[in-house]
Number of protein chains: 2
Amino acid sequence: MSMINFELYKVFYLAAKSGSLSQAAKSLFLTQPSVSHAIKQLEEHMGVTLFTRNARGVTLTQEGNVLFSYIEQAYNFISLAEEKMAEFKSMDSGELRIGGSDSLFKHYLLPYLETFHEHYPGVGIHLTHGTTPEIISSLKEGSIDLGVVRLPIIDPQLEVKEGIQLQDCFVAGSRFNELRDRVLTMEQLTQYPIILFSRNSRARMAVTELFREQGCELKPEIELGSVDLLIEFARKGLGISFVTREFVAKELEEGSLFEVKLDVALPPSKVGIMTLRHIPLSIAAKAFIERIEQQDIGSRT
Amino acid sequence: MSMINFELYKVFYLAAKSGSLSQAAKSLFLTQPSVSHAIKQLEEHMGVTLFTRNARGVTLTQEGNVLFSYIEQAYNFISLAEEKMAEFKSMDSGELRIGGSDSLFKHYLLPYLETFHEHYPGVGIHLTHGTTPEIISSLKEGSIDLGVVRLPIIDPQLEVKEGIQLQDCFVAGSRFNELRDRVLTMEQLTQYPIILFSRNSRARMAVTELFREQGCELKPEIELGSVDLLIEFARKGLGISFVTREFVAKELEEGSLFEVKLDVALPPSKVGIMTLRHIPLSIAAKAFIERIEQQDIGSRT
DNA sequence: AGGGGATATAAACGATGTCTATGATAAATT
DNA sequence: AATTTATCATAGACATCGTTTATATCCCCT
């Protein structure tokens, strides 16, 4: 009933392949009697003579030949499997599936992805963009390995690692130059045309809530679906955009945008890398997260 | 360098298939810790986590899934191999390849072949006819499992089992009724038209030699290539045929042929079943020979 | 004939895999 | 929320099974 010890097939395969029990023994780092014994076990279990023994080695019998034709296939698959696994281990192969927002991909993850891909060109990178809840469900159903979102996240099933800290702020272009050196109250800010990210963004919800706590209503004149557009519209003078300061570092430096300061500090938020708690990560995902952590720690000093 | 113990793949396959280490343990007649340990070995050897462990069993990881896709194939081939071998053992499958002369096939082997085929319809029967030397080389090159010929055979590489004894004789039809109750000398016989089997037949060579020893030349008027024709020609009165008595038993009994008696006894000869010495027989061949031996022993009393 | 190379056999040994017992954790049940 | 009942993990003792060493046997080749 129970199947034969698979290990015997390995011995059989090598013996048949080399036509010699002694030879097979060498390949297997065993002694010849051990191989002889293994073959005998196979033969006894099957009730079939597999080899013709003669003075210069062994030859497959009719039945042995048939067995070999099957075992050869099996052996090849196992060899392939082991190669593939070795590839995974050395990351010459594999997949890295990340969920996040487009802006985080572009402004936060991109450099990591570039160097990762450079080091491990064999690993395929799959990016899925979506809202935080969408990303969380992707994680839970196993279609992505990790999610990159803005904190805080409170979900007991998730393991969250903190990344760099980001600071949101309001920015404007030259049309609002009058505001360059002023410090506004919330109340005053709401007098200006505001450009916000689309309604379901967490950052937007947070800032709206913050204003409401102070009795202000932050009502956008324009709603956009991409951070790039928020920047572009602000530069063109269409309003004051609410963006992440780190994502507009270039524009702030070159002066095409300036920060509209408020008399209250907007709370900073951190980037979080989410994975499923107690679910092992793929080799590639593990390596990727490690790289991010080391970099971020370095940049945090 | 060295490959992983194949046995671990069996454990892995069943664990993945059932999604439970405990379940796999039951299938393998092992305990759960044993399976747990086996999987751990695989994982450590490969440097890859294969399963996600949770409270209701195990699930394959990304990498585990890839491994499984290979191992599944291998497992299936091994299963097929074991089935096939079981078929060989039970002779639901296999081949029986016999070399011999057409006359022995028809008059000697046919009943055995019939009952064998009846018992083991799954075993394919291949008959190859040829001269004794041809059959011997077929045997030595492995294209047949056994040869059925007239003895004696002297070849140290061959294992020869004796079958039933056959007696050659001269037979004639009604046209030679004058000879029915006479006993001829060799000299006298040669006065009649003789019909012999073709030149390269061993039986013919033997009888020609026998006559020559007595100073007679046995010169055929007709040469034929088939025993059936020898019988037919004799019945039609075209001459006196040299045939095996057992092969014309029916004709002798019904009187359409009668034996032409000589004053010297023609030496009997035995049927021999040849196999290669020290070369294992296929299951089917072994079984077939056994059947013949038992039958022949019975009929020898 | 005899040497060399192959496999077979036997018995002692030892590594490896297996088991028992126990612990930890999470889901299902109450 | 507490309890029960699955699951898998771990540790250490044990025993099996495979391995080795030593020797025999056989066949081929010179």
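So you know, we letter chains A, B, ... as the sequences are listed, proteins then strands, and number each from 1. Please read all numbers here as calculations on a predicted model, not as lab measurements.
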Atom-to-atom span, NZ of A:Lys26 to P of C:dG5 - whole angstrom:
10 Å
Using a 4.0 Å heavy-atom cut-off, write out nucleotides 10-24 of chain D from 5' to 3' as B (base contacted by protein), S (sugar-phosphate only) or - (no contact).
B-------SBBBB--
Shorter than 3.5 Å, N or O on both sides, protein versus nucleotides 2-4 of chain D: list them out with atom names.
none

Atom CD1 of A:Ile279 and atom P of D:dC8 are separated, to the nearest Å, by 14 Å
Heavy-atom contacts under 4.0 Å between residues 53-64 of chain B and DNA chain D, which residues?
B:Arg53, B:Ala55, B:Gly57, B:Val58
To the nearest angstrom, the CG-C1' distance between A:Leu276 and C:dA26 comes to 15 Å
Whole Å only: how far is the CD atom of A:Glu44 from the C1' atom of C:dT9?
13 Å
Whole angstroms only, please: what is the CG-P distance between A:Leu21 and D:dC26?
18 Å
Nearest-Å distance for atom pair CZ/C1', residues B:Arg277 and D:dC28
16 Å
Can a donor-acceptor pair be found, under 3.5 Å and without considering hydrogens, that links the side chain of A:Arg97 to the backbone of A:His126?
no
Give me the one residue out of B:Leu21, B:Leu8, B:Thr49 that meets side-chain contact (heavy atoms from CB on, under 4.5 Å) with B:Ile39.
B:Leu21
Any sub-3.5 Å donor-acceptor pair from A:Glu43's side-chain atoms to A:Leu50's backbone N or O?
yes
Checking side-chain contact (heavy atoms from CB on, under 4.5 Å) for the pair B:Lys161/B:Ile292: CA distance, chi angles, key distance, verdict?
CA-CA 10 Å; B:Lys161 292 189 197 301; B:Ile292 292 186; over 6 Å; no
Integer-rounded Å distance: C:dG17 P and B:Phe12 CZ:
18 Å
Would one find a side-chain N or O of A:Ser22 under 4.0 angstrom from OP1 or OP2 of C:dG5?
no
Does a salt bridge link B:Glu83 with B:Lys89, judged by any charged N lying under 4.0 Å from a carboxylate O?
no
Has the side chain of B:Ser34 got a donor or acceptor atom that lies under 3.5 Å from a matching backbone atom of B:Leu30?
no
Indicate yes or no for a side-chain donor-acceptor contact from B:Thr52 to the backbone of B:Thr61 under 3.5 Å, with no hydrogens or angles considered.
no
Taking the six-membered ring for Trp, are A:Phe51 and A:Phe12 ring centroids under 6.0 Å apart?
yes
Is any side-chain N of the basic residue among A:Asp155 and A:Lys140 closer than 4.0 Å to the acidic one's carboxylate O?
yes
Within the side chain of B:Glu63, is there an N or O that forms a donor-acceptor pair under 3.5 Å with the backbone of A:Ile283?
yes
Any salt bridge linking B:Glu7 with B:Lys10? Criterion: basic side-chain nitrogen under 4.0 Å from a carboxylate oxygen.
yes
